[in-house]
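Worksheet for the structure shown next.
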Amino acid sequence: MTASNSDPVPTSAPAAVTVLGLGPMGRALAGAFVDAGMRTTVWNRTPGRAVEPARRGATAARTAEEAVGASGLIVVCVRDYDAADAILRREPVAAALRGRTVVNLSADTPARARDTAQWAARHGVRYLDGAIMTPTPTVGTPAAVVLYSGPAELYRESRPVLDALGGTHTHLGEEIGRAAAHDLALLDVFWTAMAGWAHAVALARAEGITARELAPYAQGIAAILPAIFDGTAADADAGVFPGEGNPITSAAASIDHIVRTSEAHGIDTGVLRAAEGQVLRVIGRGHGADGFIRVTREVARG
Ligand code: NDP
């Protein structure tokens, strides 16, 4: 089945959806739409990736323009906004998008989301930005988490289609950069934690401890973090950093132990040295009795 961009643009909640981009995540999204019974059209820059979605019941368009013409709602999920722009901002695709809704689930920065929203407004494209917070196997299941920002009305209108992705959908507000900003802040937590885990494994191995031996205890460390996030969030917002029972000076001592042991084994300490430097600057400014979260203020000094 093929479609052209002269097809009428559905005005109510569309039963049809197009997915542009068929990497692992794009294929997962397309599969969820198909499984939910939606008329799903797919396209990918490199041919061949549509085979699996087509086998599941999606229609593979020959061109991006044809894929856009098939649905009122277009979900874009490619590597980043350079990739998204390379698809969306080129003619005849840009013209085909006029009057349609684009939900961009590609990851990038808030600034790029704002730039794309401005482009969309100039070209008569209805634009919603989004961020997928969970891996591909969660898509179409209750475990999926997707964040959105942009016009509330457009979000409400698009929900019947987006609900096919399963899980939790949250509209964070009309400011278009908010989904990407949440995404980056949360990935900040994730990647620094992953850097910590990778380093911890290297340190443990140097001490004759396998990663498998360490993992259960690492999970215990991870499990204490949610309460710490909860407990320090209000203080960080209020600009108070109480350190009773756990002053930042104890963090300095603890990090020093890790640095010295790592260096004795010849293990790189770049990440820890950076953290230690932030902590020591807080102490140097006379805030040694405060809690660790005062680092928030230190790093924001630039
Ligand atoms: P990738 O991030 O590797 O993206 C692959 C897709 O981007 C392919 O469709 C690829 O097309 C396309 N692409 C890359 N460059 C271009 C270009 N210049 N022009 C056109 N298309 C291009 O894989 P994923 O599918 O995993 O991720 C897609 C998005 O989803 C990313 O932003 C990612 O951060 C986000 N995400 C992914 C998660 C995951 O678990 N995979 C989890 C949460 C978010 P081609 O095949 O032609 O190269």
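In this chain, numbering begins with 1 at the start of the sequence shown. Both ligands and their constituent atoms are indexed starting at 1 by order of listing.
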What protein heavy atom lies closest to atom 34 (O) of ligand 1? Include the residue and the distance to one decimal. A107 CB, 3.4 Å
Heavy atom of the protein closest to atom 16 (C) of ligand 1 (residue, atom name, distance): A83 CB, 3.3 Å
Looking only at protein heavy atoms, which one is nearest to atom 23 (O) of ligand 1, and how far off is it? P24 CD, 3.6 Å
Short list, please: which atoms of ligand 1 are under 4.0 Å from a heavy atom of N44? 8 (C), 9 (O), 11 (O), 45 (P), 46 (O), 47 (O)
Hey, is D82 touching ligand 1 through its side chain, its backbone, both or neither, going by heavy atoms under 4.0 Å? neither
Roughly how far apart are E91 CD and L97 CG, rounded to 0.5 Å? 9.0 Å
Given H171 and Y155, is the ring-ring contact (aromatic ring centres under 6.0 Å, His included) satisfied, shown in steps? CA-CA 7 Å; H171 181 242; Y155 173 69; 4.9 Å; yes
Can you find a side-chain donor-acceptor pair between T63 and E66 that sits under 3.5 Å? no
Counting the benzene-type ring for Trp, do H287 and F241 have ring centres under 6.0 Å apart? no
Note: ligand 1 atoms sitting under 4.0 Å from heavy atoms of S106 are 32 (O)
Scan V161, L20, L105, T18 and name whichever one has a side chain to side chain contact (heavy atoms under 4.5 Å, CB included) with V75. L105
For atom 17 (C) of ligand 1, what is the nearest protein heavy atom, given as residue, atom name and distance? R45 NH1, 3.1 Å
Got an N/O contact under 3.5 Å between D80 and ligand 1? no
Out of all atoms in ligand 1, which are within 4.0 Å of some heavy atom of T134? Include the element for each. 42 (C), 43 (C)
Distance under 4.0 Å to a non-hydrogen atom of I132: what atoms of ligand 1 satisfy this? 43 (C), 44 (C)
Counting heavy atoms only, which of M25, R49, M133 is nearest atom 26 (O) of ligand 1? M25
Would you mind listing which atoms of ligand 1 come within a distance below 4.0 Å of any non-hydrogen atom of L22? 9 (O)
Closest approach of any protein heavy atom to atom 41 (N) of ligand 1, naming residue and atom: T136 CG2, 3.8 Å
Give the numbers and elements of all ligand 1 atoms closer than 4.0 Å to a heavy atom of C77. 28 (C), 29 (C), 30 (O)
Looking only at non-hydrogen atoms, find the nearest pair between L272 and I258 and report the distance. CD1-CG2, 3.5 Å
Atom 5 (C) of ligand 1: which protein heavy atom is closest, and how many Å away? G23 CA, 4.1 Å
Basic-acidic side-chain contact under 4.0 Å: R49, E52: no
At a 4.0 Å threshold, what atoms of ligand 1 neighbour a non-hydrogen atom of G21? 9 (O)
E207 and H265: side chain donor to acceptor below 3.5 Å: yes
Where do R89 and A94 come nearest, in terms of heavy atoms and distance? C-CB, 4.3 Å
Please confirm whether the backbone N or O of N246 pairs with a side-chain atom of S250, one donor and one acceptor, at under 3.5 Å? no
Is there a donor-acceptor contact under 3.5 Å linking the side chains of R178 and S149? no
Using a 4.0 Å cutoff against the non-hydrogen atoms of G26, which atoms of ligand 1 qualify? 25 (O)
Closest protein heavy atom (residue, atom, distance) for atom 47 (O) of ligand 1: T46 OG1, 2.5 Å
Quickly, which of I176, L184, D115 forms a side chain to side chain contact (heavy atoms under 4.5 Å, CB included) with P110? Name it, please. L184
Quick test: of every protein heavy atom, which one is nearest to atom 7 (O) of ligand 1, and how far off is it to 0.1 Å? R79 N, 3.1 Å
